[in-house]
Amino acid sequence: MLDFDRQHLWHPYASMVDPLRCWPVASAAGCRLRLADGRELVDGMSSWWCAIHGYNHPALNAALEEQIPRMAHVMFGGLTHEPAVALGQRLLDIVPAGLDRVFFADSGSVSVEVAIKMALQYWFAQGRPQKARLLTIRGGYHGDTFGAMAACDPVNGMHERFRPVLAQHLFAPRPRSRFGEPLQPGDLEAFEALIAAHAQELAAVILEPIVQGAGGMWFYSAEYLAGVAALCRQYGVLLIADEIATGFGRSGRLFACEHAGITPDILCLGKALTGGYLTLAATLATERVARGISADGGLLMHGPTFMANPLACAVAARSIELLLESPWQARVAAIEAQLRAGLGPLAAHPAVAEVRVLGAIGVVETREPVPMAALQAHFVAQGAWIRPFGRLVYLMPPYTISPEELGLLIHAVASGLDTLA
Ligand SMILES: *Cc1c(COP(=O)(O)O)cnc(C)c1O
C-alpha cells in the first residue's frame, strides 16, 4: 500500500520525487487515529480544523445513514431539498446578524472564489466595474485556487511562482496589535492609507478575522478588526470575512467576528462546517450585497456540480446541533487553559521564539524552521498526531479531547522541542 501511495498518489504540498513519509491510518474514533499497525495516535490537528467533535461520532454517522437512502445527491439547479434548507436556516440563526443569503460551495477555496465574485459582481451591477481589486493583510491564507491564492500572503503563498496569472491585489502590513491588547499606533494607519488611496478601485477587503491560520497562526487585536470594518464602511468597500478556519467555536466565540462585534458583508465558512465528515463550504451575504448583485438583472455566476450536496448538508446541520447542545464554550475554555499552562512555559525553551494560545489553538513558534520529517516521526513515536510546518508547531484538537489526551499532546510538543538541538 505504501509503495503504491509513494509511486502514484500526490499528497498536500508534496514532492512526487521525494515525498515525505506517510503513516497509513486504518480507522479513527473519538480523538484517536488508529494506524494500520495497531498503534493509536491522539489527534492534535482535528484533520486541519475540521473534526471538532472527534471521529466516528454516532450522531453524525446517523445523520448520514438517515440521508443516504433518501438521496445521496441531486443537482441544485432547478431542484431544492430539505437538508439544504434546514442547514441554511441553522446557519442564519447563528451567524452575525445581517447575513441573509447562503451559497453552498464544495470547498473552502471555492467559497472564497464565490465571495470574490459576489464582491466584483456587486460593484459591476452598481455601474462601477473599476472596483475590482482586493485589499488584504499580510500573513493571510484563503485557499489554493487562483482567486483565493492571489489574496494569500505573497511570500508564504508563493506568489512568485504564479505571478503572471495572479490578480494583483493590495497588501497592508500584518497587524502588530495582538489579540487581547489595544490597537498599537500605526497599525490601522497603514491600512487606512491603502484603503483611502485605492477606494475607487477596491471591491472588497478580505481577511481572516482575529486568527490568521495557515499563513502564520497569528492572533490579532479585535480593535484592529473593528477599525478595519469601520474603514470599509467609511470608504465604500465591502468586507469579506474568511471564517473557514475560525468558524464554529475554535477561537472561543462561535465566529471570530464576534470578538469585534462586527458583521461582514460576505462571510466564508467551511472546514468544521460538517464536523469533518464531508467537504462543504458556504458563502453568506447580506441582503444589500445579494440585491446589489441582481440590481442590473445580473445572476451570480457560479454553480458547482455538487452544490448543496444533501449528505454534506445533512451532516453539517447535525454537527451544528451537536455543537450547540454541547458545553462547547466550557470545553474550549478548558482546552485554552490547559494549553496556556502546558505550552506557556515552553516560551523559555532555547528553540522557541514565542508561544501563543487562543481558544482551542496552541502555537509554538520556533526560532528556526523545524525538520518536519524528523519531528513528525518523533510525535508519532510519542503517540501524538501533530503536523508542524515552517517555524510552527501547533495544536488544535477536537473540542471533545480529554485532559489526559491533551496532556499527551503537550508533552509530545515539549519533548519534540528538546530534539531540536
Ligand atoms: C483551509 C482554509 C481555506 C481553504 O479551504 P479548502 O477547503 O482547503 O479549500 C480558506 N481559508 C482559510 C482561512 C482556511 O483556513
Side-chain angles (χ1 to χ4, degrees), residues 10-14 45-52 95 103-119 134 136-154 156-158 169 171 174-175 179 204-220 225 228 239-251 253 255-257 259 264 266-284 302 304-309 312-313 315-316 319 358-361 363 387 389-390 392 394-396:
W10 245 297
H11 282 263
Y13 313 105
M45 297 283 95
S46 300
S47 286
W48 279 339
W49 316 80
C50 297
I52 53 176
V95 294
F103 186 105
F104 288 116
D106 37 16
S107 76
S109 302
V110 171
S111 78
V112 171
E113 301 290 332
V114 171
I116 295 170
K117 280 192 183 177
M118 284 179 180
L134 302 176
T136 185
I137 52 182
R138 287 182 185 267
Y141 177 77
H142 298 287
D144 289 344
T145 53
F146 280 93
M149 190 169 47
C152 292
D153 184 88
N156 57 36
M158 292 192 295
H169 297 313
F171 293 86
R174 186 179 83 165
F179 183 80
V205 166
I206 181 168
L207 47 68
E208 298 157 275
I210 304 296
V211 176
Q212 292 187 301
M217 307 294 286
W218 177 251
F219 314 141
Y220 64 88
L225 179 59
V228 164
L239 177 59
I240 302 171
D242 178 351
E243 293 233 26
I244 292 166
T246 47
F248 307 102
R250 182 59 65 177
S251 74
R253 297 291 188 95
F255 299 98
C257 283
H259 289 287
I266 299 170
L267 174 71
C268 296
L269 300 175
K271 291 205 161 110
L273 174 59
T274 63
Y277 265 61
L278 285 169
T279 177
L280 181 71
T283 313
L284 291 89
H302 212 90
T305 305
F306 283 94
M307 186 167 181
N309 172 258
C313 288
V315 74
S319 173
L358 175 61
I361 315 166
V363 183
R387 187 153 175 88
F389 72 95
L392 298 167
Y394 61 98
L395 299 177
M396 40 195 196

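Each ligand, and each atom within it, is numbered from 1 in the order the structure gives.
If you look at Trp49 next to ligand 1, there are no close heavy atoms at all, none under 4.0 Å. Under 4.0 Å from ligand 1, not a single heavy atom of Glu243 appears. Contacts between His142 and ligand 1 below 4.0 angstrom, taking non-hydrogen atoms only, involve the backbone exclusively.
An N or O contact shorter than 3.5 Å is missing between Ile244 and ligand 1 by distance. Note: no N/O pair closer than 3.5 Å links Glu208 and ligand 1 by distance alone.
Of all atoms in ligand 1, numbered sequentially from 1 with element shown, those under 4.0 Å from a heavy atom of Asp242 are 10 (C), 11 (N), 12 (C), 13 (C). Here is the list of ligand 1 atoms found below 4.0 Å of a heavy atom in Ser109: 4 (C), 5 (O), 6 (P), 9 (O). Each of the atoms 7 (O), 9 (O) of ligand 1 lies under 4.0 Å from some heavy atom of Ser107. When each atom of ligand 1 is checked for a heavy atom of Gly143 under 4.0 Å away, the hits are 4 (C), 10 (C).
Distance check, rounded to the nearest 0.5 Å: CH2 of Trp48 to CD1 of Ile244 gives 14.0 Å. Here the CE atom belonging to Met45 is positioned 10.0 Å from the CZ atom belonging to Arg387, to the nearest 0.5 angstrom.
Summarising the geometry of Cys268 relative to Ile240, their closest heavy-atom pair is SG-CG2, 4.3 Å, with the distance given to 0.1 Å. Here the closest non-hydrogen pair linking Pro304 and Ala105 is CG-CA, 4.4 Å. The shortest heavy-atom contact between Leu278 and Val315 is CD1-CG1, 4.4 Å. When every heavy atom of Ser111 is checked against every heavy atom of Thr283, the shortest pair comes out as O-OG1, 2.9 Å. Nearest approach of Leu134 to Ala151, heavy atoms of both residues: CD1-CB, 4.4 Å.
Among protein heavy atoms, atom 5 (O) of ligand 1 sits closest to Gly108 CA, 3.3 Å. Ranking protein heavy atoms by distance to atom 14 (C) of ligand 1, first place goes to Lys271 NZ, 2.9 Å.
Not counting sequence neighbours, Tyr141 has no partner by the ring pair (Phe, Tyr, Trp, His ring centres under 6.0 Å) test.
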